[in-house]
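The figures here come from the full heavy-atom set of this structure, side chains too, leaving out hydrogens, waters and symmetry mates.
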Amino acid sequence: MAARGHVQDPNDRRLRPIYDYLDNGNNKMAIQQADKLLKKHKDLHCAKVLKAIGLQRTGKQDEAFTLAQEVATLEPTDDNSLQALTILYREMHRPELVTKLYEAAVKKVPLSEEYHSHLFMAYARVGEYKKMQQAISAQDEKLAQTMFLPLAERMVEKMVKEEKIEAEAEVQLYFMILERLGKCEEALEVIRGPLGEKLTSELQSRESKCMMLYQRLQRWPEGNALASKLLLKNPDDWQFYSCYFDSLFHLIDQSWTEEGEGFHLAMTFVEDRIKAEDQKETRQLRGPYLGRLELIHRLRERGCPEEAQLGEPWDLMTQYFSQFGDKPCCITDLKLYLHLMPPEQHLKFIRGLGEAVPLGGESEEEGGSVFPEDTKALQRHLCVCQLSRALGLHHALSPEGKLRVIRDLKAHYHHGLKFGATALKTELQFSDMYCLMAAHVYVDLWKETGEESMAWQGIGLLQEGLSHSPSNAQFKLLLLLLYCHLGAFEPVVDLYSSLDAKHVQHDTIGYLLTRYAEPLGQFAAASQSCNFTLRFFHSNQKDTSEYIIQAYKYGAFEKIPEFIALRSRLNQSLHFAQVRTERMLLDLFLEADIVLSLEESVKSMSLTPEEDDIPWDTLRDNRDLTVLTSWDPRDRWEHRRASMEEECLWLRMRSLTLRLLAALTALGRAHQQQNSLGSENGVGDKASVAARLFSQLEQALQSAACLSEKRSQYPFLGPPSTRLAAALACGSCQCQTSALQLTVHLQELETMGLDESTELQTRICNTFKSLVIQLQEMSNKCNGDLLEMKDSRLKTQPSLLENLVFFLETMSVVLWVASQCAKVIRPLKASLQKKKKKKKDTNTATPAVVCGFQVLTGGLQEVLSQVLEHIKTQELGLTALKLASLTLEPHTQEEESFIRAGMDKVHSSYLRSLQELGDLLKRRAETLKTLKI
């Protein structure tokens, strides 16, 4: 907290014990010591703030905030109070309050260099860039210079004229200012001049900046000349090939040179680079050969017949393979240009490559197959196999043909393991890609034939692969996906944690974990994974602010826009919005009306129905959809836009459901206040919010229905589909919407009373009956065996698990609404009975809505007991299931052990999911018993 050395101020001496208690984590003693001090010195503001810190750390946030605001309104200027309030606001995640604090301090003490500095840093933390500039201009000249933040062109120009610019950071700052002012000509002069010589920290930084400015200024001749000069110097620098071709084609388009002459110039330039490489006695560089393929690609895009002069693409790629086929990068290089070949040349191309692969003699163990004799030959053969798959040759085979491919790939995998016999556990085996490709073909067969045995064999093969290469991330990712598609989340947790995802990867690949946890009934794991992800996003907001401040302090100005862009990217992340929304819903499903009341749960989340904190217009899809290695043809990956649309729609529906539940609790509080104060203003406001949110939910539901009709199936290795289609198919969305509509009807009933609302009561009763019918239909869709054995084959139905989760969610929503109904109907019924007693009315007929509510609770109990019985039956069935009796032929004993291990993990995961679902539904059944009027 505060390392206090020599203490001169008497107040510092008095505060010292409180600092020590807080530093040592003894918050209760710190509060007591602060109270003692405040009895003697009521005006010692810092003691109040230190007490507030103690309260904050003991969970009493409201008291702490109230106490802090008492001090903040006094606008303190002593350093102790300001520093303590800064610490408190940071712990409360309220950095915007720090800016107000120092704004007031600067007004009172305008000559304080320290307060100006603190104000500037406070603005940096909350991203108030205009105010940062104002804060600098408000400071004296000395402070601006010591912080290296002139941020004005004329000030830097003065430094240039006086020859005061010495550091590279100052040149970078000057360049950034000119660039952002759009003064590219001036920026180019700086880079090409003597100041540009100071840019030495990054390789070719000066040349890259020049090239960027030439492109912005559309000075294509200079850009082309620079690119060709740099390529002559380093023919393997790929970025400058792109610049060379871009600038040359712009010159042609702008008639700087004749079209034929320009194309001939490009072809001559590339051919010269290739001739220079061919004449080298040392190993050739890849750049010129790839440059020729890139030129063919660009000429073909423009419809230029000159591309034929460069040669046939399949022949050029064969030559490239003969030179670089033993490098792992060969497949990724050639994959970019496979589209240059017509389909009828694919087989000829692959056969030609196969003939260039040196294979050894036959192996008796593997049925006469021939194998590579060294790792270079293995790499060449592996490249041919990968190119075959990338061209779609594997996909076009019959099931029998695919099984032959799998046998061949597995044989090569097992043979290649001898080359990595002495490899460390952290190293990959040379033949791992054979194993991964074979698993991909198993997935193809599973999806094509529907035979689940293919999925099990794929899992077994990947488990075997992991036993030899425990660090292979691709094995883990594909295994993770296979388990999720089979409905088993339990093994996924260990697989994902072993990937050891770092920092921004929680945003880019975190969707693989959070998408499946809750839908597969693993609520504890879902809660843990959401918390883990949210910790990263929340810490990022604090950390990036600190990075920005450090960049200002140490003059790393070019990094500041990068940090700001990173913060913006993560704050606007689709994954962040999804996890935050799902985490709050999950908390409600796990705790609301079980551990805490729904009202208390919503209050603890600081959730307000009026506010929508999701930045819909700027949401970013940061998912890395290429994280899994894939050799699928290019046309299989055009799904990102459709996936983003579906993800946003599902997020909107979940967010509106969450806000409507918050509106439901707000209506309840408003009713209580109305009953105690006799005012209806608050109730009316809350009801209008609920009606508006319900209208938006209905619109979203209609959009979802339209989207599901035209929705295309994503490939196995494409983006994962949302829960939207399953939610609509099982009736969850429709049932929840019907239940939430009652929030609007209840307000009308409250206003009209029971004796003048016959028609409204009939509508409410019909909704009650409809809810029971819809829940019964959802219950029917949960029937069936999750895991069963037929003819010695294992069959899974993971959709039943997802339907059970939807049933739990929907039942929870219906019960929360029913609880609110009881709170509204109970006083209305009592009021009606009082009126009848006064009038001595002998009519004993029970109001329709009361009867309807009794029918609702009775129906809910019946449906709930059916589902609980079904879950119990499934648990007993799974427990009694003897997986050991399965015959797995024709596999070796080792392969069989890996397949059985995968089956056991799925079996165990199903049992755990059923237990968690059963426990939660039993708790819901207990709360249902308390619903009485």
Side-chain angles (χ1 to χ4, degrees), residues 59 517-519 521-528 530-531 534 578-611 653-672 686 689-690 693-694 697 723 727 732-733 735-743 746 771 775 778 804-824 826 853 856-857 860-861 863-864 867-868 916-932:
E518 187 194 347
Q522 302 269 330
F523 299 102
S527 181
Q528 190 176 359
C530 285
N531 282 341
L534 287 175
Q578 287 173 324
V579 173
R580 199 172 56 209
T581 303
E582 291 296 336
R583 179 71 184 92
M584 288 191 276
L585 281 169
L586 189 60
D587 278 348
L588 295 181
F589 295 135
L590 292 177
E591 297 178 357
D593 285 347
I594 296 175
V595 179
L596 300 169
S597 68
L598 179 64
E599 290 81 359
E600 288 171 325
S601 297
V602 169
K603 186 182 177 184
S604 68
M605 296 174 189
S606 304
L607 189 61
T608 52
E610 299 89 353
E611 294 178 11
M653 292 181 69
R654 299 291 276 181
S655 174
L656 286 168
T657 302
L658 181 64
R659 290 169 65 198
L660 271 165
L661 291 171
L664 186 68
T665 63
L667 276 172
R669 287 196 298 273
H671 290 317
Q672 291 170 5
K686 302 296 181 187
V689 170
L693 290 174
F694 181 75
L697 182 60
R723 301 172 66 197
S732 173
C733 290
C735 188
Q736 288 186 33
T737 305
S738 299
L740 292 167
Q741 188 178 19
L742 285 170
T743 57
L746 287 173
L771 287 174
L775 282 166
M778 287 185 69
L804 277 169
V805 173
F806 278 127
F807 178 84
L808 167 69
E809 291 183 0
T810 309
M811 178 59 80
S812 299
V813 171
V814 171
L815 286 174
W816 292 328
V817 174
S819 175
Q820 188 60 38
C821 288
K823 289 175 184 175
V824 171
R826 199 178 292 124
F853 185 79
L856 172 68
T857 52
L860 292 179
Q861 282 179 340
V863 176
L864 199 48
V867 174
L868 282 168
E916 289 197 32
L917 279 163
D919 289 344
L920 280 171
L921 284 171
K922 283 173 189 173
R923 292 179 182 180
R924 292 291 166 208
E926 292 298 319
T927 60
L928 179 56
K929 291 175 184 177
T930 62
L931 282 182
K932 294 178 182 177

Inset, instruction - List for me each residue that meets side chain to side chain contact (heavy atoms under 4.5 Å, CB included) alongside Ala526, sequence neighbours excluded, and say none if there are none. - result: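 Ala526 satisfies side chain to side chain contact (heavy atoms under 4.5 Å, CB included) with Ala517, Glu518, Leu586 once adjacent residues are dropped.
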Using modelled atom types and a 3.5 Å cut-off, is there a donor and acceptor pairing between side-chain atoms of [X] and backbone atoms of [Y]?
X      : Y      : result
Ser819 : Leu815 : no
Ser597 : Asp593 : no
Ser527 : Ala524 : no

Inset, instruction - Answer yes or no: are there more than 12 heavy-atom neighbours, outside Gln861 itself, under 6.0 Å from its atom CD? - result: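 Counting other residues, nucleotides and ligands, CD of Gln861 exceeds 12 neighbours.
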Inset, instruction - Could you list the residues that satisfy ring-ring contact (aromatic ring centres under 6.0 Å, His included) with Phe523, not counting sequence neighbours? - result: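 In terms of ring-ring contact (aromatic ring centres under 6.0 Å, His included), with neighbours along the sequence ignored, Phe523 is linked to no residue.
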Inset, instruction - Tell me, with the steps shown, if Leu740 and Leu661 meet side-chain contact (heavy atoms from CB on, under 4.5 Å). - result: CA-CA 8 Å; Leu740 292 167; Leu661 291 171; 4.1 Å; yes
Can you give me the closest heavy-atom contact between [X] and [Y], atom names plus distance?
X      : Y      : result
Thr927 : Thr930 : O-OG1, 2.5 Å
Ile594 : Phe589 : CD1-O, 4.3 Å
Thr810 : Ser732 : OG1-OG, 2.9 Å
Ser601 : Leu588 : CB-CD2, 3.6 Å
Pro609 : Leu693 : O-CD1, 3.8 Å
Ala739 : Val813 : CB-CG1, 4.4 Å

With a 4.5 Å limit on heavy-atom distance, are the side chains of [X] and [Y] in contact?
X      : Y      : result
Glu809 : Leu585 : no
Met811 : Leu775 : yes
Leu771 : Cys735 : yes

Legend entry - Sequence neighbours excluded, every pair satisfying salt bridge (Lys or Arg N to Asp or Glu O under 4.0 Å) that has a member inside residues 919-928: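 Non-adjacent pairs meeting salt bridge (Lys or Arg N to Asp or Glu O under 4.0 Å): Glu926-Lys929.
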Legend entry - Six-ring centre of Phe806, Arg723 cation under 6.0 angstrom, axis tolerance 45°: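 Yes, a cation-pi geometry.
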Measure the [atom1]-[atom2] distance between [X] and [Y] for me, rounded to the nearest 0.5 Å.
X      : Y      : atom1 : atom2 : answer
Thr737 : Leu742 : OG1   : CG    : 11.5 Å
Leu697 : Arg654 : CG    : CZ    : 11.5 Å
Leu931 : Gln820 : CG    : CD    : 11.5 Å
Leu920 : Glu591 : CG    : CD    : 10.5 Å
Met605 : Asp587 : CE    : CG    : 4.5 Å
Leu664 : Lys823 : CG    : NZ    : 8.0 Å

Legend entry - Polar side chain donor-acceptor pair, Arg659 to Thr608, under 3.5 angstrom: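 No pair is found: no donor N or O on one side chain lies under 3.5 Å from an acceptor on the other.
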Inset, instruction - Would you sort out whether Leu917 and Phe807 count as a side-chain contact (heavy atoms from CB on, under 4.5 Å), showing the intermediate values? - result: CA-CA 10 Å; Leu917 279 163; Phe807 178 84; over 6 Å; no
